[in-house]
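Only one structure is covered here, and it is reproduced in the block below.
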Amino acid sequence: QVQLVESGGGLVQAGGSLRLSCAASGRTFSSYGMGWFRQAPGKEREFVAAISRSGTTTDYADSVKGRFTISRDNAKNTVYLQMSSLKPEDTAVYYCAAVGVPWEYVSSSYYFEASNYNYWGQGTQVTVSS
């Protein structure tokens with residue numbers, strides 16, 4: 001069992017930056033790949049970024065490439081999402097999630113699918129004003 005708690009959301013002006021954190025409980029955090037997803041009002045939840053268990057492999061949605069960076073600190077049981085050059089269209093509730101299947105065992109697209117993740121946090125609101 002893994003419990004995930006996101007923090008770091010808030011209100012920011014367009015062009016600004018935020019860093020989201022996701023703290024995990026349990027001693028097996030390093031056994032899980034991690035992802036960030038977001039959901040805007042009236043829209044489906046969408047993939048943002050993912051990172052492998054070791055942190056050596058990452059991938060991003062095209063809409064955030066070059067602006068967002070996912071990282072993790074397994075000693076602190078925490079995964080981060082550094083968001084820069086924020087746009088109003090980045091406004092959403094952001095969720096972190098954990099997946100038990102190692103990146104090297106599946107195609108990279110496996111980590112893009114929310115249905116493949118085993119555990120989810122409660123979400124943190126990010127609002128970008130124009």
Intermediate values then yes/no, side-chain contact (heavy atoms from CB on, under 4.5 Å), Val48 and Met83: CA-CA 11 Å; Val48 175; Met83 305 185 295; over 6 Å; no
Before you tell me yes or no, could you show the steps for Trp36 and Glu6 under side-chain contact (heavy atoms from CB on, under 4.5 Å), namely the whole-Å CA-CA distance, both residues' side-chain angles and the distance that decides it to 0.1 Å? CA-CA 10 Å; Trp36 285 96; Glu6 301 97 335; 3.9 Å; yes
Evaluate Leu4 against Met34 for side-chain contact (heavy atoms from CB on, under 4.5 Å), listing each step before the verdict. CA-CA 11 Å; Leu4 304 172; Met34 299 296 297; 4.0 Å; yes
Taking it one step at a time, do Asp62 and Lys65 satisfy salt bridge (Lys or Arg N to Asp or Glu O under 4.0 Å)? CA-CA 5 Å; Asp62 288 342; Lys65 277 182 181 176; 3.3 Å; yes
So Val99 and Asn118, side-chain contact (heavy atoms from CB on, under 4.5 Å) or not? Walk me through it. CA-CA 5 Å; Val99 57; Asn118 307 103; 4.3 Å; yes
Using salt bridge (Lys or Arg N to Asp or Glu O under 4.0 Å), reason through Glu104 and Arg53 one step at a time and then give a plain yes or no. CA-CA 10 Å; Glu104 54 268 29; Arg53 296 177 298 174; 2.8 Å; yes
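The cluster map of Ile, Leu, Val, Met, Phe, Trp and Tyr, joined by side-chain heavy atoms under 4.5 Å apart, puts Val101 and Trp120 in the same cluster. Both Tyr32 and Phe29 belong to a common hydrophobic cluster when Ile, Leu, Val, Met, Phe, Trp and Tyr are linked at side-chain heavy-atom distances under 4.5 angstrom. Linking ILVMFWY side-chain heavy atoms closer than 4.5 Å, directly or via other members, places Val64 and Phe112 in two distinct hydrophobic clusters. Hydrophobic clustering of Ile, Leu, Val, Met, Phe, Trp and Tyr side chains at less than 4.5 Å, counting indirect connections, unites Val12 with Tyr94.
Taking both residues in full, the closest heavy atoms of Thr78 and Ala23 are given as OG1-CA, 4.2 Å, listed atom of the first, atom of the second, then distance. Closest non-hydrogen pair, Pro88 versus Ala14, comes out as CD-CB, 4.1 Å. Of all heavy-atom pairs between Ala49 and Leu81, the closest is CB-CD1, 4.2 Å.
Distance alone, capped at 3.5 Å, places no donor-acceptor pair between the Ser109 side chain and the Ser107 backbone. Judged by distance alone, with hydrogens and angles left aside, the side-chain atoms of Thr91 form no donor-acceptor pair with the main-chain N or O of Thr127 at under 3.5 Å. A donor-acceptor pair is defined here as one N or O able to donate and one able to accept, closer than 3.5 Å; such a pair exists between the side chain of Asn116 and the backbone of Tyr110. In terms of modelled atom types and a separation under 3.5 Å, the side chain of Tyr60 and the main chain of Ile70 share a donor-acceptor contact. Judged by distance alone, with hydrogens and angles left aside, the side-chain atoms of Asn74 form no donor-acceptor pair with the main-chain N or O of Ser30 at under 3.5 Å. Under the 3.5 Å distance criterion, the side-chain polar atoms of Arg67 are matched with a main-chain donor or acceptor of Ser85.
Using a 4.5 Å cut-off on side-chain heavy atoms (C-beta onward), Leu18 and Val126 make contact. Looking only at side-chain heavy atoms (C-beta outward), Gln82 and Ser71 stay at 4.5 Å or farther from each other. In this structure, the side chains of Thr58 and Arg72 stay at 4.5 Å or more apart for every pair of heavy atoms.
One finds the OH atom of Tyr119 at 13.5 Å from the SG atom of Cys96 (value rounded to the nearest 0.5 Å). A distance of 8.0 Å separates OG1 in Thr56 from CD1 in Ile51, rounded to the nearest 0.5 Å. With rounding to the nearest 0.5 angstrom, the CZ atom of Arg38 is 14.0 Å from the CD atom of Glu44. With values rounded to the nearest 0.5 angstrom, Lys87 atom NZ is found 14.0 Å from Ser130 atom OG. Atoms CG and OG, on Leu20 and Ser7 in that order, are 8.0 Å from each other to the nearest 0.5 Å.
For Tyr111 and Trp103, the gap between ring centers is short of 6.0 Å.
Sparse packing is recorded around CD of Gln13, with 12 or fewer heavy atoms of other residues, nucleotides or ligands lying under 6.0 Å away. With a 6.0 Å radius and a threshold of 12 heavy atoms from other residues, nucleotides or ligands, Lys43 has its NZ atom at or below the threshold. A 6.0 Å sphere centred on CD of Gln3 holds no more than 12 heavy atoms belonging to other residues, nucleotides or ligands.
Between Phe47 and Phe37, the angle of the ring planes goes over 60°, which puts this pair in the perpendicular group of the 30/60° scheme.
Because its NZ or CZ atom is both nearer than 6.0 Å to the ring centre of Tyr95 and within 45° of the ring axis, Arg45 counts as a cation-pi partner of that residue.
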